[in-house]
Each structure stands twice: as C-alpha cells, then as structure tokens.
Amino acid sequence: MIQDKLFEWYAIFGRHELPWRNTKDAYHIYLSEIMLQQTQVKTVLERFYFPFLETFPTLKSVADAPLDDVLKRWEGLGYYTRAKNLHYTALTCKGILPQNIVELEALKGIGKSTAHAIGVFAYGQVLPILDANVKRVLCRFFGLSTKDEKVLWERAWEFLNQKHPYEHNQALMDLGSLICTSRNPLCGECPLHVKCIGKIDPHNYPLPQKKNAIPVRQKIALVMYKDNKLGLIQRKERLLHGLWGFVQTLGRPNGYKKLGRVEQVYTHFKLELEVLLCEPIKEVDGWFSVEEIDKLAISTVDKKILKLLIASKPYP
DNA sequence: TATCCGTGGCA
DNA sequence: TTGCCAAGGAT
C-alpha cells in the first residue's frame with residue numbers, strides 16, 4: 001500500500017516536535033487548530049501558542065475571562081472572529097469540548113475540517129482532514145486540476161489509512177509542508193512519487209487561480225488628543241470587530257498637524273492612511289494615555305499609528 | 001456561490 | 001519589491 005510508504009516517511013521526517021502533537025489535552029489541540037487556520041505554523045509556534053496557553057491554560061479559563069482579554073492575547077494574529085468564536089464556544093460548552101464531530105461542527109468557528117482534525121488528533125477517531133496542505137497533495141496525487149470540495153473529501157476518505165489515522169493525517173500535512181510544496185515541490189524525495197499523477201506537472205494540480213489586484217482605499221486617521229489622552233473607538237464593523245483603534249475618516253478636519261502616513265495590506269484591499277493630530281472633533285468610546293492603550297487590543301495598523309505618534313512626540 | 005476576514009513568511 | 005498564500009469559516 002502506498003499509504004505505508006507515507007507512514008514510513010512520516011516516522012523519519014515528520015515534524016514530531018510540534019507541541020500540539022505532544023499533548024492529549026483536547027483544548028490545546030483545538031486551540032492550535034483555530035490559531036493555525038490560514039496562518040503559518042511558524043507564526044503560531046513562535047509568537048502566539050505558548051503565550052496564549054500561559055494566560056488561558058484551560059478552556060474554562062477562556063470562558064471565565066472577558067472577551068477583551070482574549071482579544072488582547074490574539075492581538076497581531078489576525079482574523080479576530082476566531083478569538084470571538086473561541087470565547088463564545090468556551091462559554092457554550094462550559095469549558096468541556098464535545099467529542100462527537102457533529103456537535104463539534106455545530107460550534108462557532110469549527111467547520112468540517114477543524115471538527116475532523118479535533119476528532120482524529122484529540123480523540124483518535126478514524127477521519128480524514130482537508131486543509132490546504134492535504135488538498136494540494138491529493139490534487140497532485142490523483143491528478144485533480146480543481147479543488148472541488150466534494151471530490152476532495154471523497155478522495156480523502158478513499159486515501160485514509162484506517163489503521164493509523166492520526167499519523168496519516170499529520171503525515172499528509174507534513175508532506176504538503178515539506179515536500180509537496182506549492183512552489184518548487186521536491187518530487188524526487190516524495191514517498192508517494194511512484195503513484196502520483198501530478199508529478200509530471202505539479203504546478204497544474206491544482207491549476208493556479210488568477211486573482212484580481214486589490215483596490216487601494218485612502219483615508220484619514222485622526223489622532224485626537226485631550227488632556228494628554230488619546231481618543232479611541234472600539235470597532236463595531238466586521239473588519240477588526242471588537243478591537244480598539246483611531247478614528248478613520250474621509251475628510252480632513254479644520255485644524256491639524258501632520259504626523260505621517262501608514263499603510264496596511266488586508267485580504268481585499270490596501271489601506272493608505274494619512275495620520276493627522278487634532279483636537280476632539282468626533283465621538284469616541286474612550287480616552288487613554290499611551291500606557292493605558294498598551295492594555296487594549298489594537299490592530300497592526302493602529303500599532304503603526306501609535307509608533308508614529310510616539311516617534312514624533314508632538315502633543316503637549 | 002462569492003466575498004469577506006489579518007498578518008506575515010517567503011521566493 | 002511584489003505577489004502568492006498559509007492546519008478555514010461565516011455570511
């Protein structure tokens with residue numbers, strides 16, 4: 001069986017040292033799965049996983065904390081709905097994660113792939129997973145040019161090693177990450193090489209999808225000051241919901257001092273901000289000193305604005 | 001079904 | 001430097 005080759009490869013070359021592979025704590029595994037959604041292993045491993053667990057060692061500790069505290073620990077990781085859903089899920093399941101994948105998938109922030117990942121990695125169930133790595137490996141191995149979810153799930157079930165589901169799924173992810181990479185795959189070192197259809201032209205499996213260039217949005221960021229404090233809002237819109245930040249507008253106020261410019265690239269647009277220091281002219285949700293802002297959850301673009309402000313020390 | 005949601009690694 | 005894209009899910 002070709003799956004045996006994969007299993008043997010994993011024993012030698014797998015990333016066995018990853019901390020979420022060396023625990024049986026379902027919460028730790030669940031947390032890693034959420035943090036790793038659309039996020040590279042390196043980022044989670046080096047900057048977020050351990051600090052979060054230090055603050056929130058159990059799912060109950062997440063449930064007992066205010067959402068603002070959870071967001072603060074998520075600061076800089078992005079996709080903040082994940083943190084909100086984690087907090088909500090901790091509350092709804094009262095600190096105890098269900099084992100049934102139907103119940104898992106019903107929880108906010110847990111889709112089919114994450115539910116299966118928790119099922120197999122935390123509870124040892126016989127299930128396939130389907131993350132970006134696995135999708136790419138399956139597309140190439142079976143010669144699929146499109147990432148059709150239904151077809152991929154069928155192939156994932158078909159390819160699953162029933163005897164070693166845990167190792168099989170981890171191995172597929174490691175293979176996708178280390179060998180069957182998006183760019184410059186190392187087909188010569190692949191344990192699936194002999195039966196792989198896509199090896200002839202790996203870059204066409206799946207076919208690259210052309211993406212439109214993202215638009216640029218130009219706005220004004222207002223750094224309003226009063227009595228040595230800065231006016232901030234807590235964002236209500238979907239983007240960066242729940243995080244604190246400086247007011248953004250389209251027009252300039254009557255009186256201001258230029259502080260500089262900052263840029264931030266988001267998934268669907270690029271934000272270019274002209275940062276202006278001015279007196280209170282818009283409604284805010286609170287006034288804070290720089291030290292107090294340090295305790296709030298703010299996004300990367302607002303961190304850049306803050307850095308600009310501190311560097312120029314312009315206000316009285 | 002298509003779009004939205006963050007940030008940073010990497011070639 | 002620019003663009004792709006990473007352990008996806010919600011709307």
Side-chain angles (χ1 to χ4, degrees), chain A residues 14-15 18-21 28-49 71 74-86 88-89 104-122 127-138 146-150 152-153 156 166 169-178 180-185 203 206-217 235 237-243 245 262-271 297-304:
Chain A
R15 295 175 292 180
L18 293 174
W20 42 86
R21 288 184 186 175
H28 290 206
I29 294 168
Y30 160 54
L31 177 68
S32 75
E33 292 298 332
I34 301 301
M35 283 191 164
L36 287 162
Q37 288 173 357
Q38 295 290 288
T39 309
Q40 293 187 348
V41 168
K42 181 182 172 68
T43 301
V44 172
L45 189 59
E46 295 181 358
R47 295 175 51 198
F48 293 96
Y49 182 72
L71 280 172
W74 211 267
E75 184 183 88
L77 186 53
Y79 286 154
Y80 298 95
T81 298
R82 295 183 293 174
K84 191 165 66 178
N85 286 336
L86 171 64
Y88 184 85
T89 288
L104 283 168
E105 199 174 342
L107 296 166
K108 286 192 178 181
I110 300 180
K112 188 171 180 179
S113 186
T114 301
H116 281 213
I118 295 168
V120 62
F121 296 144
L127 300 163
I129 63 163
L130 203 54
D131 76 315
N133 288 310
V134 178
K135 283 179 183 176
R136 186 173 53 255
V137 173
L138 293 178
T146 57
K147 289 186 282 186
D148 185 295
E149 289 276 331
K150 187 171 177 292
L152 281 168
W153 275 113
Y166 182 102
N169 284 301
Q170 300 286 18
L172 277 179
M173 287 194 288
D174 286 1
L175 194 67
S177 174
L178 302 172
C180 194
T181 49
S182 183
R183 289 171 289 209
N184 307 113
H203 291 293
L207 285 167
Q209 44 202 19
K210 52 190 169 192
K211 291 176 180 173
N212 299 327
I214 58 173
V216 176
R217 296 183 193 172
R235 303 200 184 285
E237 64 273 28
R238 257 227 288 174
L239 183 72
L240 306 174
H241 183 99
L243 275 70
V262 299
E263 293 182 356
Q264 182 66 26
V265 179
Y266 297 104
T267 307
H268 289 278
F269 66 96
K270 177 180 179 183
L271 182 63
I298 71 173
S299 77
T300 297
V301 73
D302 289 299
K303 272 198 187 303
K304 290 176 183 173

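Naming convention: chains lettered A, B, ... in sequence-line order (proteins, then strands); numbering from 1 in each chain.
Using a 4.0 Å cut-off between a side-chain N of Lys or Arg and a carboxylate O of Asp or Glu, A:Glu263 and A:Lys304 do not qualify as a salt bridge. Electrostatic pairing of A:Lys303 and A:Glu75 counts as a salt bridge here, judged by a charged N lying under 4.0 Å from a carboxylate O.
If you take CG of A:Leu152 and P of C:dA7, they are 16 Å apart, rounded to a whole angstrom. As rounded to whole Å, 12 Å separates atom P of B:dT1 from atom NZ of A:Lys150. Distance A:Leu243 CG to B:dG6 P: 8 Å, rounded to the nearest Å. If you measure from atom OH of A:Tyr49 to atom P of C:dA6, you get 22 Å, rounded to the nearest angstrom. Atom CG in A:Leu77 sits about 13 Å away from atom C1' in B:dC5, given to the nearest Å. The CE atom of A:Met35 sits 14 Å away from the C1' atom of B:dT7 (whole-angstrom rounding).
Across all non-hydrogen atoms, the minimal contact from A:Leu130 to A:Ala156 is CD1-CB, 4.3 Å.
Contacts between residues 109-117 of chain A and DNA chain B, defined by a heavy-atom separation under 4.0 Å, are absent.
Annotation: C:dC5 and B:dC5 have their C1' atoms spaced 15 Å apart (nearest Å). If you take atom C1' in C:dT1 and the same atom in B:dG8, they sit 15 Å apart, rounded to whole Å. Rounded to whole Å, the C1' atom of B:dG6 lies 15 Å from the corresponding atom of C:dC4. Rounded to whole Å, the C1' atom of B:dG9 lies 23 Å from the corresponding atom of C:dG9.
In this model, the phosphate group of B:dC4 is approached by a side-chain N or O of A:His268 to a distance below 4.0 Å at OP1 or OP2. The phosphate of C:dA6 (OP1 or OP2) has no side-chain N or O of A:Gln38 nearer than 4.0 angstrom. Of the side-chain N and O atoms in A:Tyr79, none sit less than 4.0 angstrom from OP1 or OP2 of B:dC4.
In this structure, A:Arg136 reaches the sugar-phosphate backbone alone: every heavy-atom distance under 4.0 Å involves primed, P, OP1 or OP2 atoms, never a base. As judged by a 4.0 angstrom heavy-atom cut-off over every strand, A:Gly76 is placed among residues touching the sugar-phosphate backbone only. As judged by a 4.0 angstrom heavy-atom cut-off over every strand, A:Leu240 is placed among residues touching the sugar-phosphate backbone only. In this structure, A:Ser182 reaches the sugar-phosphate backbone alone: every heavy-atom distance under 4.0 Å involves primed, P, OP1 or OP2 atoms, never a base. Nucleic acid contact for A:Val265: base, since at least one base atom lies under 4.0 Å from a heavy atom of the residue.
Looking at A:Ser299, its side chain has no donor and acceptor atom pair within 3.5 Å of the base of B:dG6.
Taking only side-chain atoms of A:Gln37, from C-beta outward, the nucleotide of B:dG6, C:dG9, C:dA7 with the closest atom is C:dG9. For A:Gln264, the listed nucleotide lying nearest its side chain is B:dT7; candidates were C:dA7, B:dC5, B:dT7.
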Run the side chain to side chain contact (heavy atoms under 4.5 Å, CB included) check on A:His116 and A:Lys112 step by step: do they pass? CA-CA 6 Å; A:His116 281 213; A:Lys112 188 171 180 179; 4.0 Å; yes
Quick one: do A:Gln170 and A:Arg21 satisfy side-chain hydrogen bond (donor to acceptor under 3.5 Å, both in side chains)? Show the steps, please. CA-CA 9 Å; A:Gln170 300 286 18; A:Arg21 288 184 186 175; 3.0 Å; yes
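With sequence neighbours left out, the ring pair (Phe, Tyr, Trp, His ring centres under 6.0 Å) criterion links A:Phe121 to A:Tyr166. Scanning for side chain to side chain donor-acceptor pair (under 3.5 Å) contacts around A:Asn169 gives an empty result, with sequence neighbours left out. Residues that satisfy the ring pair (Phe, Tyr, Trp, His ring centres under 6.0 Å) test with A:Phe48, not counting sequence neighbours, are absent from this structure. Not counting sequence neighbours, the partners of A:Tyr266 by the ring pair (Phe, Tyr, Trp, His ring centres under 6.0 Å) test are A:Phe269.
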Find every protein N or O atom lying less than 3.5 Å from an N or O atom of nucleotides 9-11 of chain B, and list the pairs.
from, atom 1, to, atom 2, distance (Å)
B:dG9, O4', A:Gln40, OE1, 2.9

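Of the residues near DNA chain C, A:Trp20 and A:Asn212, the one whose nearest nucleotide (by heavy atom distance) lies more toward the 5' end is A:Asn212.
A side-chain N or O of A:Ser177 and one of A:Arg15 form a donor-acceptor pair less than 3.5 Å apart.
Distance alone, capped at 3.5 Å, places no donor-acceptor pair between the A:Arg82 side chain and the A:Gly109 backbone.
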